[in-house]
Every structure is written in C-alpha cells, then in structure tokens.
Colleague: 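The structure's right below; bear with me while I get my questions together.
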Amino acid sequence: MARTKIDFHQSRQDAAAALSSLREVGLNPGDIGGAWRVGEDSLDAVDDASTNGRGQLIDVEEIGLIRFSGWLADAAQEAAAHDPAAPLSAIFDDLTDDAELQRVRDTLASGGGIVGVRARDTFKPEPG
C-alpha cells in the first residue's frame, strides 16, 4: 500500500529544486513527482531540468497548461486519455481530500508548484 505526501511551494522554481533534492538523496524516481503551471515566458530550463526529460503537459480546466513530472505525469496522462480536458480531480483521483485538492488548485493557479512523494509499506528492515 502506498501513501502520498504532497508539499506545496510558492514558485515552480522551488518545486523543481525540491524534486532535484529528493533525487539527490536517493529517493526512487518512480516515487516522486511534481506539477506546476508552465510560465507565460516559455517552456524554460527549470521545467526541462527538473523532469529528467519525463514530463507531461496537460491543459487543466480553469488553470492552464500544467507540467507534470514523475509518477504525477503518469497519472496526468492516464486522466487525459479518458478526458482531454482532464479536471484536476481526475488527475489526483484518491490522492487528496477536497480541501487538499482545492489547495493544489490554488497553488498551481497562483504560479506555485507541488511535489508528491509516495511512501510504500513494502520496506522491511534487515533482522538485527
């Protein structure tokens, strides 16, 4: 069983830096993901560098173009396959409650970013 922890960042640059830090400390890249609204200036280097080339751009209803990375990119792609105008609730299906989903929406709409980490219950410490 996996649990999900979502951290909220005031800027997409902060979210990208958090993703990079999580990779540097050795977290499984398959268990971390991020999302932020693409800047009006362009698809800049912060977007490309932080996704390790594995990102998904989705036009999210009422927010705009969002770049999803890691496992969140997989969730976004699956939601968009069912509905090209994928609402945020479909992308974060069962990951958040209504209040947290609204916080995700508000954070992305304001130009911030989020980082999601999945913690799995499969780790078993070595017997001592």
Colleague: Got Phe8 and Val104 here, is their nearest side-chain heavy-atom distance under 4.5 Å?
Modeller: yes
Colleague: Apply the side-chain contact (heavy atoms from CB on, under 4.5 Å) test between Val117 and each candidate in Ile6, Leu22, Asn28; give the one that qualifies.
Modeller: Leu22
Colleague: Closest heavy-atom contact between Leu72 and Ala35?
Modeller: CD1-N, 4.4 Å
Colleague: Go through the steps to decide whether Leu65 and Ile58 satisfy the test side chain to side chain contact (heavy atoms under 4.5 Å, CB included), and finish with yes or no.
Modeller: CA-CA 6 Å; Leu65 195 58; Ile58 302 286; 5.9 Å; no
Colleague: Write down the atom of Gly30, the atom of Trp71, and the distance for their closest heavy-atom approach.
Modeller: O-CB, 3.6 Å
Colleague: Between CD1 of Ile63 and OG1 of Thr107, what distance do you get to the nearest 0.5 Å?
Modeller: 9.5 Å
Colleague: Rounded to the nearest 0.5 Å, what separates atom OG in Ser69 from atom CD in Gln56?
Modeller: 11.0 Å
Colleague: Find the distance between CZ (Arg105) and OG (Ser89) and round it off to the nearest 0.5 Å.
Modeller: 7.0 Å
Colleague: On a heavy-atom basis, which atom in Val115 and which in Ala18 lie closest, and how many Å separate them?
Modeller: CG2-CB, 4.0 Å
Colleague: To the nearest 0.5 angstrom, please state how far the CG atom of Asp14 sits from the CG atom of Leu19.
Modeller: 11.5 Å
Colleague: Would you mind reporting whether Leu108 and Val60 have side-chain heavy atoms less than 4.5 Å apart?
Modeller: no
Colleague: Run the side chain to side chain contact (heavy atoms under 4.5 Å, CB included) test against Asp106 and tell me which residues pass, sequence neighbours left out.
Modeller: Gln102
Colleague: Could you tell me whether the side chain of Trp36 reaches within less than 4.5 Å of the side chain of Ile66, counting heavy atoms only?
Modeller: no
Colleague: For Glu78, check side chain to side chain contact (heavy atoms under 4.5 Å, CB included) against everything at least two apart and list the hits.
Modeller: His82
Colleague: Run the side-chain hydrogen bond (donor to acceptor under 3.5 Å, both in side chains) test against Gln77 and tell me which residues pass, sequence neighbours left out.
Modeller: none
Colleague: Can you tell me how far the CG atom of Leu101 sits from the CG atom of Leu88, to the nearest 0.5 Å?
Modeller: 5.5 Å
Colleague: For residues Ile114 and Asp7, determine if any side-chain heavy atom of one lies less than 4.5 Å from a side-chain heavy atom of the other.
Modeller: no
